[in-house]
Asker: 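Input: one structure, supplied below.
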2 protein chains.
Amino acid sequence: MNKMQKEHALTKNQQIIFDLIDKSPEPMKAYSILFNVQKKGIKAPLQVYRALDKLVEIGKIHKIESRNAFIACHNSSCQVAKATAFSICEICEKVTEISSAGLSKYLANFKDKDGMKYSKYNLEFFGLCKKCRT
Amino acid sequence: MNKMQKEHALTKNQQIIFDLIDKSPEPMKAYSILFNVQKKGIKAPLQVYRALDKLVEIGKIHKIESRNAFIACHNSSCQVAKATAFSICEICEKVTEISSAGLSKYLANFKDKDGMKYSKYNLEFFGLCKKCRT
DNA sequence: AACACTGTGTAATAATATAACATTAATATA
DNA sequence: TATATTAATGTTATATTATTACACAGTGTT
Ligand SMILES: [Zn+2]
Ligand SMILES: [Zn+2]
Ligand SMILES: [Zn+2]
Ligand SMILES: [Zn+2]
């Protein structure tokens with residue numbers, strides 16, 4: 001691995017699990033991940049959860065809290081900001097990561113009544129996707 | 001109960017569970033609720049989850065998704081909009097419902113790349129509360 | 001009465017996540 | 001190199017969160 005790179009190289013388990021999630025067209029649940037990587041030698045839930053925790057921590061994946069599921073990030077800025085936004089279709093469960101400069105700027109600057117600012121947030125929008133609306 | 005009221009009167013189980021959550025200074029988890037209402041005759045998880053589902057549906061309580069916990073709503077508008085925002089302290093776990101006209105207006109009007117608008121959303125901000133910052 | 005709808009009670013089980021402990025690999029620094 | 005330190009792994013067991021399935025009771029409608 002290139003020592004010049006700041007990026008944290010993934011370990012074997014992390015890479016296996018990231019690749020699986022990254023390939024998946026939809027958010028994956030932990031035990032579905034476990035089932036899918038058992039042939040690669042990952043046998044126990046904890047091995048999955050540990051890799052997931054790390055991948056979330058370094059911003060390679062995000063957890064969709066309302067669904068207890070994980071998707072790969074395709075928006076490099078999340079890795080720094082820990083500021084995430086998703087749209088979720090309530091019929092087909094399609095999840096899309098929203099990357100809107102306006103939205104993230106608005107939320108990063110949002111102050112509550114006490115003047116408190118929060119750099120970290122998670123936003124989940126719900127509605128019907130294009131396909132399910134027709 | 002007053003027949004004139006549109007408001008749905010709570011059933012016995014719903015009322016017991018709502019009262020408990022409403023009194024609680026912090027979000028309550030389902031099995032903690034169960035433990036606390038067993039002396040009132042609610043014996044099984046399902047009885048709790050059914051009441052919680054209904055209370056969430058009618059907007060009397062909200063689920064804090066990142067914590068799997070429930071708090072009472074003190075903001076009448078949520079009941080209609082199903083649009084919720086919270087601030088969560090990462091140290092003491094204090095949770096506060098944010099009611100900001102500006103924020104809810106911004107989010108209710110937010111359009112994604114496809115021009116899609118979402119009337120329903122859940123936003124969780126993370127940071128340190130006043131007490132934990134000092 | 002027959003039906004639909006909502007809520008209840010109970011038991012069993014599914015799905016999600018963590019604790020505890022032993023071991024090994026990678027990294028740092030002396 | 002040696003050694004301390006940190007991070008990751010493997011394994012078993014267990015805790016926590018949530019749902020399925022089935023029987024039944026109350027309410028309102030036709
Ligand atoms: Zn992202
Ligand atoms: Zn859809
Ligand atoms: Zn509310
Ligand atoms: Zn705090």
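Below, chain A is the first sequence line, B the second, and so on; all start at residue 1.
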Asker: So does Tyr31(B) reach the base of dA18(D) with its side chain, donor to acceptor, closer than 3.5 Å?
Answerer: yes
Asker: Heavy atoms under 4.0 Å is the rule here; annotate nucleotides 5-10 of chain D 5' to 3' with B where the base is hit, S where only the sugar-phosphate is, and - elsewhere.
Answerer: ---SBB
Asker: Please report, rounded to the nearest Å, how far the P atom of dT6(C) is from the CD1 atom of Ile58(B).
Answerer: 13 Å
Asker: Between Arg67(A) and Glu124(A), does any NZ, NE, NH1 or NH2 come within less than 4.0 Å of an OD or OE carboxylate oxygen?
Answerer: no
Asker: Calculate, to the nearest 0.5 Å, the distance between atoms CG and CG belonging to Leu107(A) and Leu107(B) respectively.
Answerer: 6.0 Å
Asker: Can you see if the side chain of Asn68(A) gets near the phosphate of dT17(D) - specifically, an N or O under 4.0 Å from OP1 or OP2?
Answerer: no
Asker: Measure CG/Leu52(B) against P/dA18(D) and give the value in whole Å, please.
Answerer: 9 Å
Asker: Considering the terminal five base pairs at each end of the helix from dA1(C)-dT30(D) to dA30(C)-dT1(D), what angle separates the two local helix axes, rounded to 10°?
Answerer: 40°
Asker: Quick one: which of dT16(C), dA17(C), dT17(D) gets closest to the side chain of Lys29(A)?
Answerer: dT16(C)
Asker: Roughly how far, to the nearest 0.5 Å, is OG1 of Thr96(B) from NZ of Lys113(A)?
Answerer: 10.0 Å
Asker: To the nearest angstrom, how far is Arg67(A) atom CZ from dA15(C) atom P?
Answerer: 17 Å
Asker: Starting at atom CD1 of Ile16(B), determine the distance to atom P of dG7(C), rounded to an integer number of angstrom.
Answerer: 15 Å
Asker: Sort out for me which residue in Ile33(A), Leu10(A), Thr11(A) forms a side chain to side chain contact (heavy atoms under 4.5 Å, CB included) with Ile17(A).
Answerer: Ile33(A)
Asker: To the nearest Å, how far apart are Met28(A) CE and dA15(C) P?
Answerer: 15 Å
Asker: Would you kindly compare Lys63(A) and Ala44(B) by the position of their nearest DNA chain C nucleotide and give the one closer to the 5′ end?
Answerer: Ala44(B)
Asker: Once you round to the nearest 0.5 Å, how far does NZ of Lys54(A) lie from CG of Leu52(A)?
Answerer: 13.5 Å
Asker: Let me know the distance between CZ of Phe35(B) and P of dA15(D), rounded to the nearest Å.
Answerer: 16 Å
Asker: If I take atom CD1 from residue Ile64(B) and atom CD from residue Glu93(B), how far apart are they, to the nearest 0.5 angstrom?
Answerer: 10.5 Å
Asker: Which distance, rounded to the nearest 0.5 Å, do you find between the OG of Ser99(B) and the CG of Asp112(A)?
Answerer: 10.5 Å
Asker: Would you mind reading off the distance between Ile64(B) atom CD1 and dT17(D) atom C1', rounded to a whole angstrom?
Answerer: 16 Å
Asker: Just how far, in rounded Å, is C1' of dT18(C) from CG of Asp53(A)?
Answerer: 10 Å
Asker: Could you check whether the rings of Phe125(A) and Tyr121(B) sit parallel, tilted or perpendicular, using 30° and 60° as the cut-offs?
Answerer: perpendicular
Asker: Considering only dT16(C), dT18(C), dA18(D), which nucleotide approaches the side chain of Ala30(B) most closely?
Answerer: dA18(D)
Asker: In Å and rounded to the nearest 0.5 Å, what is the CE to CG distance from Met28(A) to Leu20(A)?
Answerer: 4.0 Å
